[in-house]
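Just so you know, these numbers come straight off a predicted model, no measurement behind them. Counting starts at 1 for both ligands and their atoms, in listed order.
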Amino acid sequence: MQPDFRNFTLMKNYETTVLTTPYAQPDPFGALAQPVYHSAAFEFPSAAAMSDAFCGRSPRHSYSRISNPTVQNFERRVARYTGAMSVTALNTGMAAISGSMLNLVQKGCNVITSRHLFGNTFSLLSRTLGQFGVEMRTADLCNLKETERLIDENTCALFFEIITNPQMEVADIAALAQMAHSHGVPVMADTTIVPFTAFHAREFGVDIELISSTKYISAGATGLGGLILDYGSFDWSQSPNSLLQQQSRRAGKKAAFTARLKTEILTNLGIMMTPYEAYMQTLGLETLDIRFRRQASSALWLAQQLTHEPRICRVNHTALEGNPYHELSERQFGPLPGAMLTIDLATRDECFAFIDALKVIRRATNLFDHRSLAIHPASTIFGLFTPEERGEMDVLDTTVRLSIGLEDPADLLDDIRQALESLSPALQPIPSPSSLSPTLP
Ligand SMILES: *Cc1c(COP(=O)(O)O)cnc(C)c1O
């Protein structure tokens with residue numbers, strides 16, 4: 001009955017890499033963990049040294065909105081493990097997404113993406129950036145030809161989430177990237193849902209990887225954070241954005257994105273990660289893979305068990321046999337595609353009653369906390385969209401999202417079962433499976 005946590009191979013040297021990455025300057029006391037440099041400003045020995053730091057001629061820290069040693073230590077560890085050319089830590093996942101988008105777009109440009117997006121990202125592209133003349137073009141990213149038709153000379157990027165939430169749709173990332181690159185379009189992916197220990201974005205052609213480190217990396221939702229990973233794989237002189245073209249001439253074709261991000265966007269918006277948060281997230285990084293494997297194994301095991309529950313109309317998890325994305329998910333993410341699953345009940349009222357009856361699983365938003373969490377996405381994360389907009393995004397009233405934590409999975413199954421048993425006998429007809437199952441290209 002119990003899941004086997006030993007079955008899944010550890011990403012090569014993950015913990016060794018993270019635990020042996022030294023921090024930049026030795027501490028006078030030989031501290032093994034890097035001290036937290038909770039200082040807004042850094043002092044200089046001379047006016048010339050100050051000028052050198054401010055003008056980028058020396059790597060010294062000057063002010064923590066621009067850079068900070070504790071934050072840099074966190075960024076370096078992520079870079080060392082992932083092989084990213086540059087890593088930037090920000091104060092939320094949305095800061096990583098909005099900062100990258102602002103770095104990339106210009107009036108008259110378009111971004112090609114899916115209708116299946118994290119709610120705030122959808123709103124950022126359609127409303128916040130839309131008002132400045134940036135066009136959000138949506139396609140079914142599982143349909144390569146349809147996606148390709150939307151590309152034109154003003155396309156700034158192709159952007160997607162690797163497993164959409166809560167629809168759990170999976171596109172063929174390597175095929176999308178190859179197509180986008182053939183048109184000179186960079187590929188940006190929000191990979192929050194599967195950590196970089198399991199999904200190696202660069203190998204699939206992702207140029208810019210965006211992560212809400214609030215989720216797996218923060219180790220139990222201790223705080224908020226975001227990461228931008230630039231693999232240095234795209235030639236930004238091809239961008240329709242004239243400011244990125246300028247940066248390409250100044251900083252180099254492959255370095256332009258990060259150069260503009262660090263010298264303009266990050267400092268102008270003030271969205272840098274704080275030192276204490278970087279310290280907490282560095283701790284989280286050290287146990288990331290081990291926690292992920294435990295939580296993701298439990299999620300898969302629970303998904304398998306829940307397919308036998310008669311009150312559940314559908315269990316959605318991409319590693320389940322029979323899931324339309326099963327093969328693609330395994331090829332891209334391996335046997336454990338994350339610790340999230342969704343279940344569909346007969347009605348919205350049943351979803352509410354089910355969530356109210358949970359005793360171990362907590363009623364909270366967020367993903368990949370150490371605690372298991374349940375939420376009804378349509379009435380919360382997507383609650384401010386109109387029913388028509390939710391319909392277009394395939395966010396159903398009958399879906400409950402579960403994020404699986406570190407508890408004993410058998411206790412979680414018992415909790416779900418008792419909550420299902422507490423539901424009154426079915427009042428409404430159960431939707432036909434065809435209205436629920438995601439469509440394939
Ligand atoms: C949570 C989340 C975000 C936003 O991250 P914050 O840290 O809450 O700003 C973006 N994308 C995905 C896929 C997420 O799950």
Side-chain angles (χ1 to χ4, degrees), residues 71 74 78 88-102 111 113-126 128-129 136 141 157 159-171 173 188-196 198-199 201 206 208-229 266 269-274 277-278 280-281 284-285 288 292 295-296 299 316 318 329 332-333 337-342 364-369 373-375 377 380-384 393-395 399 401-405:
V71 178
F74 174 54
V78 173
T88 307
L90 304 102
N91 52 28
T92 63
M94 278 319 298
I97 296 168
S98 55
S100 306
M101 286 294 173
L102 281 169
V111 175
T113 187
S114 163
R115 286 174 295 113
H116 298 162
L117 281 184
F118 184 68
N120 292 119
T121 309
F122 191 95
S123 169
L124 168 77
L125 286 168
S126 60
T128 316
L129 295 178
M136 174 186 183
L141 300 187
F159 173 82
F160 54 85
E161 292 164 19
I162 55 172
I163 301 181
T164 71
N165 162 13
Q167 309 85 359
M168 304 198 79
E169 178 186 82
V170 180
I173 300 166
M188 270 169 78
D190 176 341
T191 66
T192 301
I193 232 87
V194 184
F196 43 64
F199 173 63
V206 173
I208 305 290
E209 178 173 10
L210 308 174
I211 300 168
S212 166
S213 58
T214 311
K215 310 297 164 60
Y216 287 112
I217 296 174
S218 75
T222 53
L224 298 162
L227 286 166
I228 302 174
L229 279 65
L266 194 67
L269 297 183
I271 50 177
M272 171 89 169
M273 185 176 273
T274 59
E277 198 50 52
M280 294 301 283
Q281 304 231 350
L285 210 54
L288 170 65
F292 171 71
Q295 292 178 238
N316 199 357
T318 63
S329 171
Q332 298 180 149
F333 317 122
M340 182 183 93
L341 64 123
T342 67
T365 189
N366 201 8
L367 289 168
F368 321 126
D369 194 315
L373 311 175
I375 192 167
T380 54
I381 303 165
F382 296 92
L384 294 180
M393 294 183 226
D394 300 310
V395 174
T399 303
R401 187 183 83 185
L402 299 172
S403 167
I404 304 306

Checking side-chain contact (heavy atoms from CB on, under 4.5 Å) against Ile271, which of Leu102, Thr88, Leu90 comes through?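 Only one option passes, and that is Leu90.
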Can you tell me how the ring of Phe368 sits relative to the ring of Tyr216, calling it parallel under 30°, perpendicular over 60° and tilted otherwise?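 Rings of Phe368 and Tyr216: parallel, as their planes differ by under 30°.
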Mind checking side-chain hydrogen bond (donor to acceptor under 3.5 Å, both in side chains) for Glu209 and listing every partner two or more places apart, or none if nothing turns up?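 So Glu209 forms a side-chain hydrogen bond (donor to acceptor under 3.5 Å, both in side chains) with Thr191, Tyr231.
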Polar side chain donor-acceptor pair, Thr192 to Ser212, under 3.5 angstrom: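 No, because no side-chain N or O of Thr192 sits under 3.5 Å from a partner of the opposite role on Ser212.
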Checking Asp190 now: which residues fulfil salt bridge (charged side-chain N to carboxylate O under 4.0 Å, His left out) with it, not counting sequence neighbours?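 Listed in chain order: nothing, the list is empty.
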side-chain hydrogen bond (donor to acceptor under 3.5 Å, both in side chains): pairs with one or both residues in residues 89-101, sequence neighbours excluded: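 Qualifying pairs: none.
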Write out the protein residues near ligand 1, meaning a non-hydrogen atom under 4.0 Å from one of its atoms, in order of chain and number.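 Its neighbours under 4.0 Å (heavy atoms only) are Thr92, Gly93, Met94, Ile97, Phe118, Asp190, Thr192, Ser212, Thr214, Lys215, Gly225, Leu367, given by chain and number.
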